[in-house]
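Within every chain, numbering begins at 1; the chains are lettered A, B, ... in the order of the sequence lines, protein sequences first and strands thereafter.
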Number of protein chains: 2
Amino acid sequence: MLGSPTETWQDRRRAAVRREILDAAWEVAHRDGLGGLTLRAVAERVGMRPPSLYTHFASKHALYDAMFFQAWSEFDERSAALELPADPRAALHGIARFYVDFAVADLPRHQLMDQRVIPDFTPSPESYAPSVRAMERTVGRFRAAGGVALTEADVDLFVAVVGGIVAAQWSNDPGGDRYTRLLGRLVDMLADDLGLATVTSGEDP
Amino acid sequence: MLGSPTETWQDRRRAAVRREILDAAWEVAHRDGLGGLTLRAVAERVGMRPPSLYTHFASKHALYDAMFFQAWSEFDERSAALELPADPRAALHGIARFYVDFAVADLPRHQLMDQRVIPDFTPSPESYAPSVRAMERTVGRFRAAGGVALTEADVDLFVAVVGGIVAAQWSNDPGGDRYTRLLGRLVDMLADDLGLATVTSGEDP
DNA sequence: GTCTATAAGATGATAGAC
DNA sequence: GTCTATCATCTTATAGAC
């Protein structure tokens, strides 16, 4: 990410235009859906002709890739700043609630991060990195918090079922809480299965 | 669905062509992906010109709709024929395993049934009916099997987490069993939560 | 009634002038 | 870097042969 020191000329302008295009792309994705995003709409919103976008993004998929990177980077930063309780069970609740809240707050962002809604689009390794980083740090923090030693299977199960809650929420009750309100109960089940001491019950009503 | 009795002339031919087109559509979906399906490819596979397809399906979405109906109808029939153990916990394992096996066996079918991969496509009420039927019958059978009285929340949680297993399997380990092999453990957790007697442990290794 | 021929409108993408 | 053409592809619709 660090260009050579002499190259700070108008690279800032380029970066600004890139950001502007990305902002426009998110707005269009919210208005027309992630799959309904078109380069025409993005260009119009940013005050350009469609072909001019290709100066900043090599393809439509490259634009999706940058959005994917942006979304996971934000998740990574905010999860790094998340303060977790010392108690392992409470920490598990906090982690799950944070992930679900983030995923339920924004549909196109969730679709891009956690589903494969765009045909033929696969995130590049560079854009995939923040998600791996967030996952590894979270697991590491939990392990260090003095909980049990999580196996790969434990993490897999946790990720899968919490992701299921989010998917069901978006699919069957968008904007509601029919499924997300079951999260506390689910996390307690998982905590029981992991043998975490039941210090406090779930924080959910 | 029942035409007037006199109308059995060449309606069979029409139905046969419809089936032929549907078969071709599934083949194309398997080859090019569900979202990558084009009417051109379907027409070519069936030996037609693209516009001729509109004689049998009003639009591409109507074709997707018929595929959706077909997929859920097959699930409905096969789940109706499924023999479940008398023991509630074992029955829960059987139901979950059946659903997961069905969903993991065919990617485009799963995407069409359980995800919203096609922009702007929403199944018609008629095509949605088989899925509701299958769900209601399954819940009814389980209730009648002498288990506990399942609440709506119980069913919601079950559907969400088992769906999460399937989604994670397809997303992170297509063709493998990294997540599906955790199903037995998950179902036992749910059964414990429901207070089902632990007659036999899960049937999975 | 069914299919073929053909075109309209939209999209992602490229080439070349300025 | 941005623009004006321009192309290929796909969905959708209409006109007309058999």
Side chains of R116(A) and S171(B): do they bring a donor and an acceptor to under 3.5 Å? no
Ordered by number, residues from residues 22-34 of chain B within less than 4.0 Å of DNA chain C (heavy atoms) are none
From OH of Y64(A) across to P of dA13(C) the rounded distance in Å is 10 Å
With sequence neighbours left out, the residues meeting salt bridge (charged side-chain N to carboxylate O under 4.0 Å, His left out) with R178(B) are D156(A)
Taking every heavy atom of W26(B) against every heavy atom of Q70(B), the minimum-distance pair comes out as NE1-OE1, 2.6 Å
- For dT12(D), does either OP1 or OP2 sit under 4.0 Å from a side-chain N or O belonging to H61(B)? no
message: Can you classify the ring geometry of F68(A) versus F121(A) as parallel (below 30°), tilted (30 to 60°) or perpendicular (above 60°)?
response: perpendicular
| request: Determine: side-chain N/O of H56(B) to OP1/OP2 of dT2(C), distance under 4.0 Å, yes or no. | output: no
When rounded to whole Å, the CZ to C1' distance for the pair F57(B) and dT12(D) reads 17 Å
- Query: Going by atom types only, do Y128(A) and D65(A) share a side-chain donor-acceptor pair under 3.5 Å?
  - Reply: no
Taken to the nearest whole Å, CD1/I118(A) to P/dG12(C) is 11 Å
Are any protein N/O atoms closer than 3.5 Å to N/O atoms in nucleotides 8-10 of chain D? If there are, list each pair with its distance.
none

Judged by modelled atom types alone, do S127(A) and S124(A) share a side-chain donor-acceptor pair under 3.5 Å?
yes
Ring centres under 6.0 Å, that's the criterion: do F98(B) and F75(B) meet it?
yes
When rounded to whole Å, the CG to C1' distance for the pair D120(B) and dT12(D) reads 15 Å
Exercise. Going by atom types alone, do Q111(A) and W170(A) pair a side-chain donor with an acceptor below 3.5 Å?
Worked result: no
Between the protein and nucleotides 14-18 of chain C, which nitrogen or oxygen pairs are less than 3.5 angstrom apart?
none

Let me check something: any side-chain donor-acceptor pairs from residues 34-42 of chain A under 3.5 Å, sequence neighbours excluded? List them with distances.
unit_1: T38(A); atom_1: OG1; unit_2: A41(A); atom_2: N; d: 3.1

Looking only at dC3(C), dT2(D), dT4(C), the nucleotide nearest the T55(B) side chain is dC3(C)
Separation of dC3(C) atom P from L53(B) atom CG, nearest Å, is 9 Å
Pair S73(B)-D76(B), side-chain donor/acceptor within less than 3.5 Å: no
OP1 or OP2 of dC3(D) under 4.0 Å from side-chain N/O of S52(A): yes
Could you list the donor-acceptor pairs under 3.5 angstrom formed between side-chain atoms of residues 15-25 of chain B and any protein atom two or more places apart in sequence or on another chain?
unit_1: R18(B); atom_1: NH1; unit_2: H56(B); atom_2: O; d: 3.4

Quiz item: For R14(B) and dT2(C), is the shortest distance between a side-chain N/O and OP1 or OP2 below 4.0 Å?
Solution: yes
Whole-Å distance, L63(B) CG to dT12(D) P, equals 11 Å
